[in-house]
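In what follows, chains carry the letters A, B, and so on, assigned in the order in which the sequence lines appear, proteins first and then strands, with residues in each chain numbered from 1.
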2 protein chains.
Amino acid sequence: MERRERADAARNRQAILRAAEELLRGNPPEQVSVERVAAAAGVGKGTVFHRFGSRVGLMQELMAERARALEEEVRQGPPPLGPGAPPAERLVAFLDAALVMATRNAGLIAAHEHARLTNRNGSRLENPIYLFWHGHVSALIAEARPDVDAGLIAHVLLGTLHTEPISTLLRAGESPRVAAVLADLVHGLLRS
Amino acid sequence: MERRERADAARNRQAILRAAEELLRGNPPEQVSVERVAAAAGVGKGTVFHRFGSRVGLMQELMAERARALEEEVRQGPPPLGPGAPPAERLVAFLDAALVMATRNAGLIAAHEHARLTNRNGSRLENPIYLFWHGHVSALIAEARPDVDAGLIAHVLLGTLHTEPISTLLRAGESPRVAAVLADLVHGLLRS
DNA sequence: GACAAAGTGGACCGCTGGTCCATATATTAA
DNA sequence: TTAATATATGGACCAGCGGTCCACTTTGTC
């Protein structure tokens, strides 16, 4: 049933992803157009759309690549990130990790947000990475405090990572401050 | 020094603002282009840019119009919104009011965000309304708990209003849930 | 080596925010 | 009322965007 991706196609997919990465490292995200990515990858614009469907799809794929390791650690790594530790501890550990990730990929996140808003393209809830993160945070909160609105609180906590004045701080190296505040929030909430 | 705005200019300014309002009420925000606003107002596109400088400027003016009443109440209205009540109470009252406002103006906020991201235009910190809100929230937190990172917490709380999965809930009539969570967060934080 | 399936690239489309400036209009002073 | 001046106006125009399309090339299979 499953036909494998052709060799040249796979090569181009990689070239495109690496070119996008490179451009996002050196330019403000709204200047990294699909056309520029294609040019930098030595590929036609049509190819990029063929492979990734849309600008959002391209950005999502990049995010997925980087999120995979963290997801693995959460699912089956050692505590406190992986299973085993008490939920409050796991939650703080996860938020810390997510924060590091958001800091390192601030440009990419901004570009993804930009792409999402520009067209009538989907809610954040259609991004599988966000869904996984939200599910995880949500479950940990519910485990510690079954009486609160865990899903909504998870949105608030995760929203922080995407919010503009805060992502600016992250890029400026202030992530410890943000981590401290998030930990405060979590402790304030989870203490019955 | 101050030359008053010409009568026809003032009339057009109003026409443009009202037309934008109307379009935002009935269309997804990214479809409300400056050109369509101009057409609906019976005015040339150039005029809109002349009056408001940019798409962001137009949206900002609309937000300012609506935020003015709340600002007045906060500055000199009766408690708990205005001065006089204990800070935790004022804070919850303000967040409630801001939430109502964000709910009613969800389309406008989204359009403003969209405009901000599309061009290399400014941080949220350049929006005077955000600055006022942040200053207010920040001061209340600092008053109740001088030992915490009030400015950053204020960003987290206010960020909630702009965050996508949450603003979707607001539009769906779930604002009481959001209000409850915010109140929880505030109480969890401000209780030493 | 032949044939079908998959991949490719760049011209093209509709649309955007923003600029420009010759022209029209309101205001003020005479 | 008129003349002079500052201001406002509108729409053609621009560069750029995300996305589509399809004649053509490349790859994998038997």
Show the atom names and distances, to 0.1 Å, of all donor-acceptor pairs under 3.5 Å that link a side chain in residues 36-43 of chain A to residues at least two apart or in another chain.
residue	atom	partner	partner atom	Å
R36(A)	NH1	Q31(A)	O	3.1

When rounded to whole Å, the CZ to P distance for the pair R51(B) and dG18(C) reads 16 Å
Less than 4.0 angstrom between a side-chain N/O of R4(B) and OP1 or OP2 of dA26(C), yes or no? no
With a 4.0 Å heavy-atom cut-off, tell me which residues in residues 105-113 of chain A come close to DNA chain C, sorted by residue number. none
Taking CD in E65(A) as the centre, count heavy atoms belonging to other residues, nucleotides or ligands within less than 6.0 Å. Is the count above 12? yes
Ring of F49(B), cation from R55(B) - is the NZ or CZ under 6.0 Å from the centre and inside 45° of the axis? no
Any side-chain heavy atom of Q76(B) sitting closer than 4.5 Å to one from P83(B)? no
Protein-nucleic acid N or O pairs under 3.5 Å, nucleotides 23-27 of chain D:
residue	atom	partner	partner atom	Å
dT26(D)	O2	R6(A)	NH1	3.1
dT26(D)	O2	R6(A)	NH2	3.0
dT27(D)	O4'	R6(A)	NH2	3.4

Hits for side-chain hydrogen bond (donor to acceptor under 3.5 Å, both in side chains) against E22(B), two or more places apart or cross-chain, chain-then-number order -> R25(B)
Sorted by chain and number, sequence neighbours left out, side chain to side chain contact (heavy atoms under 4.5 Å, CB included) with A10(A) holds for E5(A)
Note: R75(A)-E72(A) ion pair, threshold 4.0 Å (strictly below): no
Rounded to the nearest Å, what distance is computed from the CD atom of residue E5(A) to the P atom of nucleotide dG7(C)? 7 Å
Hey, could you give me each pair passing ring pair (Phe, Tyr, Trp, His ring centres under 6.0 Å) that has a residue in residues 90-119 of chain B? Not counting sequence neighbours. F94(B)-W133(B), F94(B)-H136(B)
Presence of salt bridge, R66(B) and E21(B), under 4.0 angstrom: yes
In this structure, how many angstroms lie between the C1' atom of dA6(C) and the CZ atom of R13(A), rounded? 14 Å
Base-pairing string, 5' to 3', of DNA chain C - Watson-Crick or wobble, under 3.5 Å, | interstrand: ||||||||||||||||||||||||||||||
Whole-Å distance between dG11(D) C1' and F49(B) CZ? 13 Å
Pick out the pairs of N or O atoms, protein on one side and nucleotides 2-4 of chain C on the other, that lie under 3.5 Å.
none

Taking only residues two or more places apart in sequence, or in another chain, which ones meet D149(A) in a side chain to side chain contact (heavy atoms under 4.5 Å, CB included)? L152(A), R177(B), V181(B)
Got a salt bridge between E61(B) and R13(B), using NZ or NE/NH1/NH2 to carboxylate O under 4.0 Å? no
Restricting both atoms to N or O, compile the protein contacts to nucleotides 9-16 of chain C shorter than 3.5 Å, with distance only.
residue	atom	partner	partner atom	Å
dG9(C)	OP2	G44(A)	N	3.0
dG9(C)	OP2	T47(A)	OG1	3.0
dT16(C)	OP1	S33(B)	OG	3.4

What is the distance from CZ of F52(A) to P of dG18(D), rounded to the nearest Å? 15 Å
Just so I know, are the side chains of L189(B) and R145(B) near enough to count as touching, which here means a heavy-atom distance under 4.5 Å? no
Set of side chain to side chain contact (heavy atoms under 4.5 Å, CB included) partners for I109(A), sequence neighbours left out: A102(A), H162(A)
Any chance CZ of R104(B) has more than 12 other-residue heavy atoms, nucleotides or ligands included, within less than 6.0 Å? no
Would you say the side chain of L158(A) lies within less than 4.5 Å of the side chain of T163(B), judging by non-hydrogen atoms? no
Who are the side chain to side chain contact (heavy atoms under 4.5 Å, CB included) partners of E143(A), not counting sequence neighbours? P87(A), L140(A)
